[in-house]
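Single-structure report; data block below.
What you see below is based on every heavy atom in this structure, not just the backbone, and it leaves out hydrogens, waters and symmetry mates. Model, not experiment: these values are computed from the prediction.
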Amino acid sequence: KEGKLWGGRFEESVTDAVEKFSESISFDKALYKHDIMGSRAHATMLAKQGLMTSSDRDCILQGLDEIERQIEAGEFVWRTDREDVHMNIEAALTDLVGEPAKKLHTARSRNDQVVTDLRLWCRDAITEILDRIKRLQVALVCLAIKNEGLIVPGYTHLQRAQPVLLQHLLLAYVEQLERDSSRFINCNDRLNFCPLGACALAGTGLPIDRFMTAKALGFTAPMRNSIDAVSDRDFVLEFLSANSIAAVHLSRLGEEWVLWASEEFGFLIPSDAVSTGSSIMPQKKNPDPMELVRGKSARVVGDLVTLLVLCKGLPQAYNRDLQEDKEPLFDSVKTIIGMLEVTTEFAQNITFNSERIGRALPAGHLDATTLADYLVKKGIPFRTSHDIVGRSVALCLSKGCQLLELSLDDLRSASPVFEEDVYEFLGVENSVKKFSSYGSTGPKCVAEQLGFWISKLDIN
Ligand code: ARG
């Protein structure tokens, strides 16, 4: 143990309890790559600005290379008494190259350093998430391609509503995921500004070049206000919000597929590779992965709430509370990536049971709205046709039959407008074919949607 970590002003080192309570190295070492990246850019800038010699800079850059190598080889010793990733790396650099390393922290504070690392880390995490979202979209589109023409009951209030193409339903999730992607991209555009050089909060009187470091690190520009730069974690809040919305989308898909895999629905059969059994009930085959997708969405939402509550009481500028931003951020990202990966694998390992789905279609009068539209085409006001079809449905209920099983006389007892051509509108196949509005479930409209996604996602 090194003793007085903060230099001259201190007479003793912190107690063991305080050290253990305050350390962040156990989790923020995940930032090492970005911390080293930031230090490289900072040292290069300091040398260019005459704040260190080029030989100091070269020592530092070589030392940082060696430290990165050691970390990646698992040889680096992370020390709790050095508190966090920033001090671990800087102190190890000093151990390694001596005097020159003492110049690295010129015009820099851990306050601007940590938030620079964090923004760089988020940028990489977003790239990874975008890739996983795309893979899931591809899996869903492939599933749609495999199930061309399959009609399923569409639900509202979880009650039979209208017949839809399964492709249409799957592509609804693809759309939702696309908006998720755009949220991540927006979030990335807003977070990609550089806090480095804000120092503790006020900036510095030393002649640094913040534009140079911002550019070297791939940021759009340095942040305009040094107090803002070290204070806020709104970019993490936005990121975790985007994660939460995506997690909620996945949770809903999970819920639907769990339901569809039940004996009661029987619409979906997961392969054994994505199912688990029971330790007591020998017959069981459970869709656990999608249940866990649903379940883990709770963590992602919880991580967002943690951060919202963390930030809400903080005055400007940096407060140590902000150290608590990392674990929810890391957890949220790890969880959403796992959810995306497993949902993709699940999608690649299910079949839709067309026989069971086919048997389910006649129930629930899914074609009733199409029948009402038939009457509208014959000139009946919609409210009147709604009532007429309602009476026809009531007749079906009393006879225990479907609309298409009613005779023309039966139908005419509700309205004389019905003619022989009404049977072209009845039954789920006929009904689905009648949809023609933009974005509807009609086969032509769905084929257009599918074509759009096949080319957008570059599927063979
Ligand atoms: N480990 C700290 C954090 O994660 C780094 C910044 C600490 N700054 C300070 N002045 N104590 O926020």
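Note: Leu46 CG to Met52 CE = 4.5 Å, rounded to the nearest 0.5 Å. Between the NZ atom in Lys33 and the CD1 atom in Ile71 there is a gap of 9.0 Å [rounded to 0.5 Å]. Between atom CG of residue Leu140 and atom CD1 of residue Ile145 there is a gap of 11.0 Å, rounded to the nearest 0.5 Å. Taken from CG in Leu217 to OG1 in Thr116, the straight-line distance is 7.5 Å, to the nearest 0.5 Å. The CZ atom of Phe239 lies 12.0 Å from the CG atom of Leu304; values are rounded to the nearest 0.5 Å.
A distance-only check finds no donor-acceptor pair linking the side chain of Gln162 to the backbone of Gly154 [under 3.5 Å]. The main-chain N or O of Ile36 is never found under 3.5 Å from a side-chain atom of Ser39 such that the two would form a donor-acceptor pair. Under the 3.5 Å distance criterion, the side-chain polar atoms of Ser440 are matched with a main-chain donor or acceptor of Ser437. Counting only distance, with no hydrogens or angles, the side chain of Asn319 and the backbone of Ala317 share a donor-acceptor pair below 3.5 Å. Between the Arg356 side chain and the Glu263 main chain, a donor and an acceptor come within less than 3.5 Å of each other. Looking only at distances, no side-chain donor or acceptor of Arg57 sits under 3.5 Å from a matching main-chain atom of Ala47. Under the 3.5 Å distance criterion, the side-chain polar atoms of Glu23 are left unmatched by any main-chain donor or acceptor of Thr80. Side chain of Asp232 to backbone of Asp228: no donor-acceptor contact under 3.5 angstrom is found. Proximity of a side-chain donor or acceptor of Gln167 to a complementary backbone N or O of Ala144 within less than 3.5 Å is detected. Counting only distance, with no hydrogens or angles, the side chain of Asp209 and the backbone of Phe211 share a donor-acceptor pair below 3.5 Å.
Of all heavy-atom pairs between Thr335 and Arg299, the closest is OG1-NE, 3.7 Å. Annotation for Ser332 and Val300: closest pair OG-CG1, 3.7 Å, computed over non-hydrogen atoms. The two residues Leu366 and Leu361 come nearest to each other via the heavy atoms CD1-O, 3.4 Å. The minimum heavy-atom distance linking Leu250 with Leu340 is given by the pair CD1-CD2, 3.7 Å. What you find for Leu143 and Ala347 is that their closest heavy atoms are CD1-O, 3.5 Å. Residues Leu120 and His34 approach most closely at CB-CD2, 3.6 Å, considering heavy atoms.
Taking Asn192 as the reference, Arg123 meet the side-chain hydrogen bond (donor to acceptor under 3.5 Å, both in side chains) condition, with sequence neighbours excluded. Residues meeting the side-chain hydrogen bond (donor to acceptor under 3.5 Å, both in side chains) test with Asn353, sequence neighbours left out: none. The ring pair (Phe, Tyr, Trp, His ring centres under 6.0 Å) test applied to Tyr155 returns Phe265, not counting sequence neighbours. Judged as a side-chain hydrogen bond (donor to acceptor under 3.5 Å, both in side chains), and not counting sequence neighbours, Tyr318 has no contacts. Every residue meeting the ring pair (Phe, Tyr, Trp, His ring centres under 6.0 Å) condition with Phe76, not counting sequence neighbours, appears here in chain and number order: Trp78. In this view, Ser354 satisfies the side-chain hydrogen bond (donor to acceptor under 3.5 Å, both in side chains) rule with no residue, not counting sequence neighbours. In this structure, the salt bridge (charged side-chain N to carboxylate O under 4.0 Å, His left out) partners of Glu99, at least two apart in sequence or on a different chain, are Lys102.
Annotation: side chain to side chain donor-acceptor pair (under 3.5 Å) contacts involving residues 277-293, sequence neighbours excluded, comprise Asp272-Lys285, Thr276-Asp288, Lys284-Asn286. Within the structure, side chain to side chain donor-acceptor pair (under 3.5 Å) pairs that include any residue of residues 214-223 do not occur (at least two apart or interchain).
Side-chain contact, Asp303 with Thr306: no donor N or O sits under 3.5 Å from an acceptor N or O. Using modelled atom types, one finds a donor on one side chain and an acceptor on the other under 3.5 Å when comparing His105 with Arg108. Checked by atom type, the side-chain pair Gln70/Glu66 shows a donor-acceptor distance below 3.5 Å.
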Distance-only donor-acceptor hits, side chain of residues 81-90, under 3.5 Å, sequence neighbours excluded:
from, atom 1, to, atom 2, distance (Å)
Asp81, OD1, Arg79, NE, 3.1
Asp81, OD2, Glu2, N, 3.1
Asp81, OD2, Arg79, NH2, 2.8
Arg82, NE, Glu2, OE1, 3.2
Arg82, NE, Glu2, OE2, 2.8
Arg82, NH1, Asp95, OD2, 3.3
Arg82, NH2, Glu2, OE2, 2.3
Arg82, NH2, Asp95, OD2, 3.0
Glu83, OE2, Arg110, NH1, 2.8
Glu83, OE2, Arg320, NH2, 3.3
Asp84, OD1, His86, N, 3.3
Asp84, OD1, Met87, N, 2.9
Asp84, OD2, Arg110, NH1, 2.7
His86, ND1, Asp35, OD1, 2.8
His86, ND1, Asp117, OD2, 3.4
Asn88, OD1, Arg79, N, 2.7
Asn88, ND2, Arg79, O, 3.1
Asn88, ND2, Asp84, O, 3.0

Pair up each side-chain donor or acceptor in residues 193-206 with any protein partner under 3.5 Å, not counting sequence neighbours, and list the distances.
from, atom 1, to, atom 2, distance (Å)
Thr204, OG1, Leu206, N, 2.9

Listed pairs under 3.5 Å, donor-acceptor, residues 446-460 side chains, sequence neighbours left out:
from, atom 1, to, atom 2, distance (Å)
Trp453, NE1, Glu175, OE2, 3.3
Ser455, OG, Phe452, O, 3.4
Lys456, NZ, Glu178, OE2, 3.4

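Residues Phe235 and Leu118 form a side-chain contact, since some pair of their non-hydrogen atoms from C-beta on lies under 4.5 Å apart.
Under the 30°/60° scheme for interplanar angles, the aromatic rings of Trp257 and Phe346 are found to lie parallel.
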Please walk me through it: do Asp56 and Cys59 pass side-chain contact (heavy atoms from CB on, under 4.5 Å)? CA-CA 5 Å; Asp56 286 343; Cys59 276; 5.7 Å; no
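A salt bridge links Arg135 with Asp131; the closest basic N to acidic carboxylate O contact falls under 4.0 Å. Under the 4.0 Å criterion applied to side-chain N and carboxylate O atoms, Asp180 and Arg183 are assigned as salt-bridge partners.
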